[in-house]
Amino acid sequence: MSLPDDDPVYTLKKVMEDLDFSGLLANCSDKGRTGYNPIMMYAVVTYANMRGVRSVDRIVELCERDLAFIWLTHGQKPKRDAFYGFKGKKLTSEILDDLNYQFLLRLQKEGLVTLKELFIDGTKIEANANRYTFVWRGTINYHLAGLLDSIELNFARYNTFLQENGYGPKYDIGNAQMFVIEGMDKVRSVIEKNRKRKLSKHKKLANNTVIEIDNCSPLEILKLQKNLSTIATGEGIEFVYGKGKRKPEIQQLYEELEHLGQRLMGYKECFEIMGKDRNSYSKTDLEAAFMRMKEDHMLNGQLKPAYNVQIAVENYFIVHGYVSNDRTDYNTLIPVLEKHQEAFGSVLEEVTADSGYCSEKNLLYLKEKGIESYIKLQDHEKRKTRAYAEDISKYYNMKVEVFEDEQFYICHDGRELRHIRTETKEQDGYTQNFEVYGCADCSGCEHKARCLYKYNAEKDVEKNKVMKINEQWEELREKSHANIQSERGILKRQTRSIQTEGHFGDIKENENFRRFNYRSADKVYKEFMLYAIGRNINKYYRFLNEKLKKFEGKITEKTA
């Protein structure tokens, strides 16, 4: 038996002949026992992913039984340790990206991609972590408040112990001062509110204040332990252990402080693992975060440890992959675009994405880089409704006038809303500016109920209309909305939904890639990129055999 002449393995061979493997070869040591050829190993794992095979044990089996794999290995039979060693140490994320980008530059020369436009989307894929090993920031904050109360009580107990026995002056030891952890006032406030809400059967408030336990706090406890050891040595008090032996008071205090210090260090470690950008992690994959998945078989909103996987596509080819533990897509756009610039230079001209990527920070980045935005707004569907167009409380349904270089708004009742002040808001390291406009006198206006937010006829008689407008954000939004409403924008929205979501449909439904086999963000990224490269070569094979053509759009006339 022989392989068919049109087998995709020949397309893989054709692609690999033009790739520069110097980076991979440089990462392979020539010392010790000679291993398998790394280029051959790369060919095998890539072809396996072309066939939808990600399991190492399955690849080992195919190397012994499948003609295409036997042809790639020249009859050699690598075992699982060889594949794990190759994928874990020799094949790094940087090498994988380099090989993928080399292939894409070949596609650019052949006219299959331009690298000037990207269609971006993301999905959540379950991590290879136990489902019930979660650590929540809110839970730690709750227990930390109780722990600090216990520490404060033991600090008071320590001071009383020194005073009653006169050990302070005798050993030149001062009283203990309770340390302060910034942000705990807010945590305690939420805890108190939640206790009241529980009694009234209201939903609990999230208690996800970011707390940082500095290095000094545990050292304060350790300092008290050393002082107690000094006193015990000086007074000849021995610490006793074992059943039936009564511990002296100083030993009880010492061990209680030791226990509290260990708990505090444990919480400190949890906060460091979690970082500032997420509110949970799994104990069996520290870099995964708990996310709400669409595959909710129990229909109870269950959270599972997962990674947020982003793909940037052009003409069905996956140009970039990006893996993060961010539950939303807002913060994933800029890293993908920076990867594109680093790999190909400033060639990108257009970006198309859904409303999950629409933020002031992202749109401003695109504007500054000279990249045209085709990103759908969050209120895209709402803008089509009559209620949106007839909402008299919103600035966009008011008249705008300018007098002596001062802009002001005219409300539905014909009254002027003048500029009052400028406010700023810091969010995720980004500063937003808001212009505040207000009406000097809204008395007697018959439209107050429709114009003022949550208007109460009894309490808000003297209340005047005030509105905050982020003018830069609104300008960026309107520009992006105009783009997606154009004929070109409609075509791009179609292309994005077909190509990016088509990939995820294949990945999750057709090939059942719903859970990673590896743990940690780096290994997960390599697993996904190997799979993406396999998909890219399959697409190339289909283009060469005229089984796939560039999408030109379903319609040409402008539709909403």
Mind telling me whether [Y] and [X] have parallel, tilted or perpendicular rings, with 30° and 60° as the class edges?
{"X": "Phe103", "Y": "Phe317", "value": "perpendicular"}
{"X": "Phe344", "Y": "Tyr101", "value": "perpendicular"}
{"X": "Trp136", "Y": "Phe134", "value": "tilted"}

When you look at [atom1] of [X], are more than 12 heavy atoms from neighbouring residues, nucleotides or ligands closer to it than 6.0 Å?
{"X": "Asp277", "atom1": "CG", "result": "no"}
{"X": "Met265", "atom1": "CE", "result": "no"}
{"X": "Lys339", "atom1": "NZ", "result": "yes"}
{"X": "Lys124", "atom1": "NZ", "result": "yes"}
{"X": "Lys523", "atom1": "NZ", "result": "no"}
{"X": "Phe504", "atom1": "CZ", "result": "yes"}
{"X": "Glu426", "atom1": "CD", "result": "yes"}
{"X": "Asp185", "atom1": "CG", "result": "no"}

For [Y], is there any backbone N or O sitting under 3.5 Å from a side-chain donor or acceptor partner on [X]?
{"X": "Asp285", "Y": "Ser520", "result": "yes"}
{"X": "Asn325", "Y": "Glu287", "result": "yes"}
{"X": "Asn208", "Y": "Asn279", "result": "no"}
{"X": "Arg80", "Y": "Val60", "result": "no"}
{"X": "Asn175", "Y": "Asn159", "result": "no"}
{"X": "Asn308", "Y": "Asp326", "result": "yes"}
{"X": "Asn27", "Y": "Lys89", "result": "yes"}

For the student: nearest non-hydrogen atoms of [X] and [Y], plus distance:
{"X": "His340", "Y": "His320", "result": "ND1-NE2, 2.7 Å"}
{"X": "Asn141", "Y": "Thr209", "result": "ND2-O, 2.9 Å"}
{"X": "Val336", "Y": "Thr332", "result": "CG2-O, 3.3 Å"}
{"X": "Arg54", "Y": "Tyr531", "result": "CD-CD1, 4.2 Å"}
{"X": "Pro218", "Y": "Lys268", "result": "CG-CD, 4.5 Å"}
{"X": "Pro38", "Y": "Leu25", "result": "CG-CD2, 3.6 Å"}

Let me confirm one number: the [atom1]-[atom2] distance from [X] to [Y], rounded to the nearest 0.5 Å.
{"X": "Lys468", "Y": "Lys425", "atom1": "NZ", "atom2": "NZ", "answer": "8.5 Å"}
{"X": "Ile181", "Y": "Ser217", "atom1": "CD1", "atom2": "OG", "answer": "4.5 Å"}
{"X": "Met178", "Y": "Tyr158", "atom1": "CE", "atom2": "OH", "answer": "14.5 Å"}
{"X": "Ile120", "Y": "Leu337", "atom1": "CD1", "atom2": "CG", "answer": "5.0 Å"}

Using a distance-only test with no angle check, is there a side-chain donor-acceptor pair under 3.5 angstrom linking Glu255 and Gln251?
yes
